[in-house]
2 protein chains.
Amino acid sequence: MATTVEFRQMLRGAALRVTRPRVAVLSAVHAHPHADTESIISAVRGDLPKVSHQAVYDSLRALTEAGLVRRIQPAGSVARYEARVGDNHHHIVCRSCGTIADADCATGEAPCMTASDDGGFSIDEAEVIYWGLCPACSTAHRSSSANLA
Amino acid sequence: MATTVEFRQMLRGAALRVTRPRVAVLSAVHAHPHADTESIISAVRGDLPKVSHQAVYDSLRALTEAGLVRRIQPAGSVARYEARVGDNHHHIVCRSCGTIADADCATGEAPCMTASDDGGFSIDEAEVIYWGLCPACSTAHRSSSANLA
DNA sequence: TCCTTTTCTTGAACGAGTCAAGTGTTTGCA
DNA sequence: TGCAAACACTTGACTCGTTCAAGAAAAGGA
């Protein structure tokens, strides 16, 4: 867990002004990976009870554009944020409860980076989302299926 | 391009009631791949001027659940639909204009289907989204960069 | 410390999508 | 073909994540 001083340095290193809301947002994203905006607002208000939701939205956008956090948004979900940036990891999303887990890509490094036919597009990122059931929902689903049988 | 009769058969084959809105929605999705809901509503109203948006939403849900259409939703986009189902193709999304193109997966069949560490999840689908610039935006972007230099 | 620029607060607004109640259609069956 | 039940559609209101806008506050360089 990084310290406040480190968060401030991260902001300065990204040429962003150091403000209390931004430090708190950056800290919250580090502390709660894959949290949605509302959860981040709650976490931030643990430190700064009076921050506006707009400040959090603005901070998240600034941090995302600066590359300090990464925004992910699986289909049907609200925006979520994580602090693990710069590597090529992907996500596993539970269809039942929406839980998100990290996953390193199967074949090592950027396996899907090149489409077989890119249609003339210049591709800069390949995003992989695995869909399935988390361990808890998987168990629940199996037992409910058993009950039906 | 499939005929109305074929669309009706597709609906019946999926155990769905055959209604004019559903046939029109299915037809519209076939005619306009990657269209968003509003575009589909417009297309449907070319045939049936009085359909409600709710009917289109309901139809799209029914068709999606029946597997006759596929719903895609890249981060930051509204829901889009396509009729190409049953294969393992992915999508290329233009960061600038939002255009979506189809892409067959790089290494043939389901290359990313297995995460190296699935965290105990039972995975049933791997969705790949390539991000980049479409040919038109790529050209525009290059020339504007040149102007800046 | 002062000034400029950026960021935050406040409060309203937007828009894709959903909910709910009632009406209209489709379909299976007599 | 006609009927009944189930399902789908219309209408209209509503939710909620997110954005917009104007003015107040704060950060950082001079």
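Both backbone and side-chain heavy atoms feed into the values below; hydrogens, waters and symmetry mates do not. Below, chain A is the first sequence line, B the second, and so on; all start at residue 1.
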A.B. asks: For residues Phe7(A) and Val18(A), determine if any side-chain heavy atom of one lies less than 4.5 Å from a side-chain heavy atom of the other.
C.D. replies: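 No; the side chains remain at least 4.5 Å from each other.
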A.B. asks: Could you report the tightest heavy-atom contact between Ala62(B) and Leu16(B), atom names first, then the distance?
C.D. replies: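 Result for this residue pair: O-CD1, 4.1 Å.
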A.B. asks: Is any side-chain heavy atom of Val128(B) closer than 4.5 Å to a side-chain heavy atom of Glu127(A)?
C.D. replies: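 No. Closest side-chain heavy atoms not under 4.5 Å.
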A.B. asks: Go through the steps for His34(B) and Asp102(B) under the test side-chain contact (heavy atoms from CB on, under 4.5 Å), then give the verdict.
C.D. replies: CA-CA 9 Å; His34(B) 310 139; Asp102(B) 286 339; 2.9 Å; yes
A.B. asks: Check Val85(A) against Gly67(A) and note the closest heavy-atom contact, atom names and distance.
C.D. replies: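 Heavy-atom minimum between the residues: CG2-O, 3.5 Å.
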A.B. asks: Please find the pair of heavy atoms, one from Asp124(A) and one from Gly132(B), that lie closest to each other, and give the distance.
C.D. replies: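 Closest heavy-atom pair between Asp124(A) and Gly132(B): OD2-CA, 3.7 Å.
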A.B. asks: Can you check whether Ile40(B) reaches Leu60(B) side chain to side chain, under 4.5 Å on heavy atoms?
C.D. replies: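 Counting from C-beta outward, Ile40(B) and Leu60(B) do come under 4.5 Å.
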A.B. asks: Test side-chain contact (heavy atoms from CB on, under 4.5 Å) on Arg17(B) and Leu11(B); report intermediate values, then the result.
C.D. replies: CA-CA 7 Å; Arg17(B) 286 198 176 176; Leu11(B) 288 168; over 6 Å; no
A.B. asks: Let me see the working for Glu38(A) and Val78(A) under side-chain contact (heavy atoms from CB on, under 4.5 Å), right down to the final yes or no.
C.D. replies: CA-CA 10 Å; Glu38(A) 188 166 326; Val78(A) 298; over 6 Å; no
A.B. asks: What heavy-atom pair brings Arg70(A) and Arg84(A) nearest, and what distance separates the two atoms?
C.D. replies: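 So the minimum-distance heavy-atom pair works out to CD-O, 4.3 Å.
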A.B. asks: Is Val51(B) close to Arg45(B) at the side-chain level, that is, under 4.5 Å between some pair of heavy atoms?
C.D. replies: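 In contact.
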A.B. asks: Let me test you: for the helix from dT1(C)-dA30(D) to dA30(C)-dT1(D), what is the angle between the axes at its two ends (five pairs each), rounded to 10 degrees?
C.D. replies: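 The end-segment axes of the helix from dT1(C)-dA30(D) to dA30(C)-dT1(D) are tilted 40° relative to each other.
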A.B. asks: Quick check: closest heavy atoms across Ala79(A) and Gln73(A), and the distance to 0.1 Å?
C.D. replies: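 Here Ala79(A) and Gln73(A) meet closest at N-NE2, 3.9 Å.
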A.B. asks: Evaluate His30(A) against Leu26(A) for side-chain contact (heavy atoms from CB on, under 4.5 Å), listing each step before the verdict.
C.D. replies: CA-CA 6 Å; His30(A) 274 260; Leu26(A) 189 51; 3.9 Å; yes
A.B. asks: List in numerical order all residues of residues 52-67 of chain A for which some heavy atom is under 4.0 Å away from an atom belonging to DNA chain D.
C.D. replies: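 Contacting residues: His53(A), Gln54(A), Tyr57(A), Arg61(A).
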A.B. asks: Heavy-atom contacts under 4.0 Å between residues 41-48 of chain A and DNA chain D, which residues?
C.D. replies: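 Residues of residues 41-48 of chain A that come under 4.0 Å of DNA chain D do not exist, since none gets that close.
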A.B. asks: Could you list where the contact with chain A starts and ends along DNA chain D, reading 5' to 3', using a 4.0 Å heavy-atom cut-off?
C.D. replies: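 The footprint of chain A covers dG17(D) to dG28(D).
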A.B. asks: Flag the pair Ile100(A) / Glu82(A) as yes when at least one side-chain heavy-atom distance between them is below 4.5 Å, and no otherwise.
C.D. replies: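 No - every pair of side-chain heavy atoms lies 4.5 Å or more apart.
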A.B. asks: Can you tell me if Thr139(B) uses its side chain to pair, donor with acceptor, with the backbone of Pro135(B) under 3.5 Å?
C.D. replies: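 Answer holds: yes.
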A.B. asks: Is there a side-chain contact between Val25(B) and Leu63(B), using heavy atoms and a 4.5 Å cut-off?
C.D. replies: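 Yes, at least one pair of side-chain atoms sits under 4.5 Å.
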A.B. asks: Output one line per pair: protein atom, nucleotide atom from nucleotides 23-27 of chain C, and distance, for all N/O pairs under 3.5 Å.
C.D. replies:
from, atom 1, to, atom 2, distance (Å)
dT26(C), O2, Arg17(B), NH1, 3.2
dT27(C), OP1, Val18(B), N, 3.0

A.B. asks: Is the shortest heavy-atom distance from the side chain of Cys94(B) to the side chain of Phe121(A) under 4.5 Å?
C.D. replies: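 Sidechains of Phe121(A) and Cys94(B): in contact.
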A.B. asks: Please work out which residues in residues 75-83 of chain A have a non-hydrogen atom less than 4.0 Å from an atom of DNA chain D and list them by number.
C.D. replies: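 Val78(A), Ala79(A) - these, ordered by number, are the residues of the stretch whose heavy atoms sit under 4.0 Å from the strand.
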